[in-house]
Amino acid sequence: MKNNTKLNFKKFFLILFLLLSIGSVSKVAAQADPREVRKENFHGVIELDIRKSKADWKPYTLKSAPEGAPNVLFILYDDTGQAAWSPYGGGINMPTLQKLADNGLIYTQWHTTALCSPTRSTLLTGRNHHLNGMSSITETADGYPGANARIPKQCATIGQVLQEAGWSTFWIGKNHNVPEQDVSSGGSRSQWPTQMGFDRFYGFLGGETNQWYPDLTEDNHFIEQPYSPEEGYHLSKDLADKAIEYIKDQKATNPSKPWYMWYCPGANHAPHHAPEEYIAKYKGKFDTGYDAYREWVLPRMIAKGILPKDTKNTPLNFLPPNISNPADYVKPWNKLSADEKKLFSKLAEVYAGFSEYTDAQVGRVIEYLEKTGQLENTVVIYAADNGASGEGSTSGSVNENKFFNGYPDDLAENLKYLDKLGGPDTYEHYPTGWAAGFTGPYKTFKRYSNYSGGTCDPLVISWKKGIKARGEVRNQYHHSTDIAPTILDICGVQMPKEFNGVGQYPLSGVSMRYSFDAQANAPTQKHTQYYTMLGTRAIWKDGWKAVAVHAPLTGKGNFDKDEWELYNTDVDRSESNNLAKKNPEKLKELIQVWFDEADKNLVLPLDDRSAMELLSTERPSQEKPKTRYVYYPGTSAVPEGVAVNVRGRSYKIVGDVDIKSGASGVIFAHGSRFGGHSLFIKDNKLHYVYNFLGIQPEQSFVSSSTLTPGKHALGFEFVRESTGKNGEQIGKGHLYIDGKEVAQGPMKTQPGKFTLSGDGLCVGFDSGDAVSSQYKTPGTFKGGEILGVGIDVSEQSYEDLNKEAARALKRE
């Protein structure tokens, strides 16, 4: 025992000596300069060569924002021209925006890129959209440096910079800056909000979503909506609830910390969805038509100081036939039928109701800030990302996805939904005439970067503590690239020259803060801005603007043959007086400036291919292309950008199912009631529905025999035979149970995607909005087990896939 005790004491002192030695080394190491030189001596003990004195050592401290730093609330709408909203003289009542305008500044010459993803990228980084890789929307990425839909590390976001500087950062609502192939559960998260400088995210990834049945994401994962439209759900309401929740949570733990919130509602992008009571507010208010609306709104805009008194309205359909895009034609109101006028007026009423309802939800957030004493030192920016949208085509639509499929609308079909417009049964969009009306007096609308109808958008900035002016107008010329520099200036933070070890592109924009205390006509501190979008282009420099006459999405090319126009925008805001012949030298100078800017900003090559061509282009994927896909139950919906592509081809679907008596529900579904297909069991029979762009009746196949309990291979095959005049695929459908045909008939499939975003591929349920009216969402499969669903897009026969399914069934 004594020997053992002595041994223990020896061990104790040895251990104590080693701990003290390590402790002293650790203390030195903890204080050592990062540039120390470490080396090992022959005893294995680390020695430190300290190159700086202890006086130079600085302990690590948490970064915090300057005392008194403001909060920033940036509200960004979609698809809205200046002539839409009441603070600018428009016919849509916006009480919250009006209140902010009365306590701040209205900007009359603030411009965007003319499209969603590109504009939002400039607002995120302060760099031009091609430097951000966002030449167009993310779904049209083509791989060129300026068009790859990936914000590079050389363009740190305002979220990242403010986060580093001590702000909490939140992103609410729309995010259309994640590459399409990354909008998936297994895809890269590198471009998702929480990796781009935002602490929290709640909203949707992609260009649009159903406002009644949205495709929601929270932080880094997909979620289902919290309650149904029947229970009062609407996305605009949900986003306001979440915005207030995030701020409450932050103030509960870090009350002294400022926050930055980017608040992006789905409004006013299609689908236009609103509660009936808001739509009813506008009953009859647009009955005089869009031609008359442009004439009505112009003097109101002039009276409010938005436009100079001699501003003229510009003509509709001014582009010559050899240049114009037929889909953007505006039908003269006086040539419409009574039914067309009735439909078009109601479509505008829905849009207006959607806009005001969303403004009311934003108002709840503003009211909360006011009640909690936060509004005084909160910079509120309220804007839109591009002009009014022309995606509704010449006749409007109850299903906007027809535009993206290049498929014409039918008046008789649309009139069936007149009393349902704005509700869950429609995915509506007004006609091009209202796009022109809500962007008057300017030429064109969204997608046209060459004219102000696409780019000149509403912007209101209110900051009670920092802006003395109340209800004043500012005429300085600015661009969406200028917002990030303005916010950084207000917050006392600089964009770093290097971020996370990567050298940064200089900011493309300039701070607008000088305009807060300036006069309305004080000199603009911005001097040059290029514009390029979907084949259109222009350049503004010190009050002069050169415009290439070209329409987007035509596929006509011939850019070298474009005619150029010249305007003096200081006096001619609507670009109605072409001075090209009077001042050819100025025009020549500006054209060269455009090419110089294009070279600096990675603009070329130009691309004016059609929407169908752009959206259907194959893009790089982390998964190798294949002809056979297998999906299993219990997973999130698979977004269309990474799901099996059945467009333009024959395909087969086989579900391996072990059913019990009374089994029912969805085996496979992809899309929604506005375009999609679904394999399901109902009334003990196998059903397959192909919903062609929401056009009724559904193409339905029902088994002639009933299903018996046991293991079955349940499937469907479409055999393509020809292509229709609008790109649809025509052929025959065959429904199978265990290899035996139980139903067949003629069928057609749509040429483009089921949705621009959302409503992904599901196994065992149908997310969001149901594909078929024969069941209700989520249509969860019950009374058995789905082992898997295989989909084949090769040219092999159904029988081959059926044999493979049988083999898989045996393995299970």
- [ ] State whether Arg120 and Asp78 are salt-bridged, where the test is any N-O pair (Lys NZ or Arg NE/NH1/NH2 against Asp/Glu carboxylate O) under 4.0 Å.
- [x] yes
TODO: Verify the distance criterion only: is there a donor paired with an acceptor across the side chains of Trp171 and Asp199 at less than 3.5 Å?
DONE: no
Open item on the list: Using modelled atom types and a 3.5 Å cut-off, is there a donor and acceptor pairing between side-chain atoms of Asn128 and backbone atoms of Thr481?
Closed with: no
Open item on the list: Taking the basic N atoms (NZ, or NE/NH1/NH2) and the acidic carboxylate oxygens, is any pair closer than 4.0 Å for Asp249 and Arg200?
Closed with: no
TODO: Using distance alone, with no hydrogens and no angle criterion, decide if His479 and Thr122 have a side-chain donor and acceptor under 3.5 Å apart.
DONE: no
Open item on the list: Regarding Glu575 and Ser452, do their side chains bring together a donor and an acceptor under 3.5 Å, going by distance alone?
Closed with: yes
Open item on the list: Whether the side chain of Arg294 engages the backbone of Ala436 through a donor-acceptor N/O pair (distance < 3.5 Å, no angle test) should be reported.
Closed with: yes
Open item on the list: Can you confirm whether or not the ring centre of Tyr531 sits under 6.0 Å from the ring centre of Trp540?
Closed with: no
Task: Enclosure of Glu245 CD (heavy-atom neighbours >12, cutoff 6.0 Å) - done: yes
TODO: Ignoring hydrogens and angles, tell me if any N or O in the side chain of Thr157 forms a donor-acceptor pair with the backbone of Met196 under 3.5 Å.
DONE: yes
Task: Ser355 and Asn268: side chain donor to acceptor below 3.5 Å - done: yes
Task: Glu164/Lys63 salt bridge by N-O under 4.0 Å criterion - done: yes
- [ ] Might you confirm whether atom CD of Gln519 has over 12 heavy atoms from other residues, nucleotides or ligands at distances under 6.0 Å?
- [x] no
- [ ] For this output row, return yes or no: ring centroids of Tyr351 and Phe438 closer than 6.0 angstrom.
- [x] yes
- [ ] Please collect all ring-ring contact (aromatic ring centres under 6.0 Å, His included) contacts where either partner lies in residues 79-128, sequence neighbours excluded, each pair once.
- [x] Tyr77-Trp85, Trp85-Tyr382, His111-Tyr477
Open item on the list: Is it the case that the ring center of Tyr530 lies less than 6.0 angstrom away from the ring center of His129?
Closed with: yes
Open item on the list: Less than 6.0 angstrom separating the ring centers of Trp434 and Phe286, yes or no?
Closed with: yes
Open item on the list: Using modelled atom types and a 3.5 Å cut-off, is there a donor and acceptor pairing between side-chain atoms of Thr314 and backbone atoms of Ser576?
Closed with: no
Open item on the list: Check whether Thr358 reaches the backbone of Ser236 with its side chain - one donor and one acceptor, N or O, closer than 3.5 Å.
Closed with: no
Task: Main-chain N/O of Gly471 paired to Asp102 side chain as donor or acceptor, under 3.5 Å - done: no
Open item on the list: Regarding His234 and Gln211, do their side chains bring together a donor and an acceptor under 3.5 Å, going by distance alone?
Closed with: no
Open item on the list: Any salt bridge linking Arg364 with Asp241? Criterion: basic side-chain nitrogen under 4.0 Å from a carboxylate oxygen.
Closed with: yes
TODO: Would you check if the side chain of Glu400 reaches a backbone N or O of Glu391 as a donor-acceptor pair within less than 3.5 Å?
DONE: no
Open item on the list: Tell me if a side-chain donor or acceptor on Asn71 pairs with a main-chain N or O of Trp259 at a distance below 3.5 Å.
Closed with: yes
Task: Under 3.5 Å side-chain donor-acceptor pair for Asn475 and Thr108 - done: yes
Open item on the list: Between Arg537 and Glu597, does any side-chain N to carboxylate O distance fall below 4.0 Å?
Closed with: no
Can you give each donor-acceptor pair under 3.5 Å made by side-chain atoms of residues 90-97, sequence neighbours left out, with the distance rounded to 0.1 Å?
residue, atom, partner, partner atom, Å
Thr96, OG1, Asp359, O, 2.9
Thr96, OG1, Asp359, OD2, 3.2

- [ ] Check for a donor-acceptor pair, side chain of Arg470 on one end and backbone N or O of Lys464 on the other, with a separation under 3.5 Å.
- [x] yes
Open item on the list: For Thr125, is there any backbone N or O sitting under 3.5 Å from a side-chain donor or acceptor partner on Arg127?
Closed with: yes
- [ ] Please find out if less than 6.0 Å separates the ring center of Tyr514 from that of His478.
- [x] yes
Task: Sequence-distant partners of Lys281, side chain to side chain donor-acceptor pair (under 3.5 Å), two or more places apart - done: Glu356
TODO: Might you work through the ring pair (Phe, Tyr, Trp, His ring centres under 6.0 Å) test for Phe198 and Tyr246, ending with a clear yes or no?
DONE: CA-CA 12 Å; Phe198 291 85; Tyr246 280 3; over 10 Å; no
Open item on the list: Whether the Gln250 and Ser168 side chains hold a donor-acceptor pair (N or O, under 3.5 Å, no angle test) is what I'd like checked.
Closed with: yes
- [ ] Please determine which of Asp79, Thr112, Thr119 meets the side-chain hydrogen bond (donor to acceptor under 3.5 Å, both in side chains) test together with Asn386.
- [x] Asp79
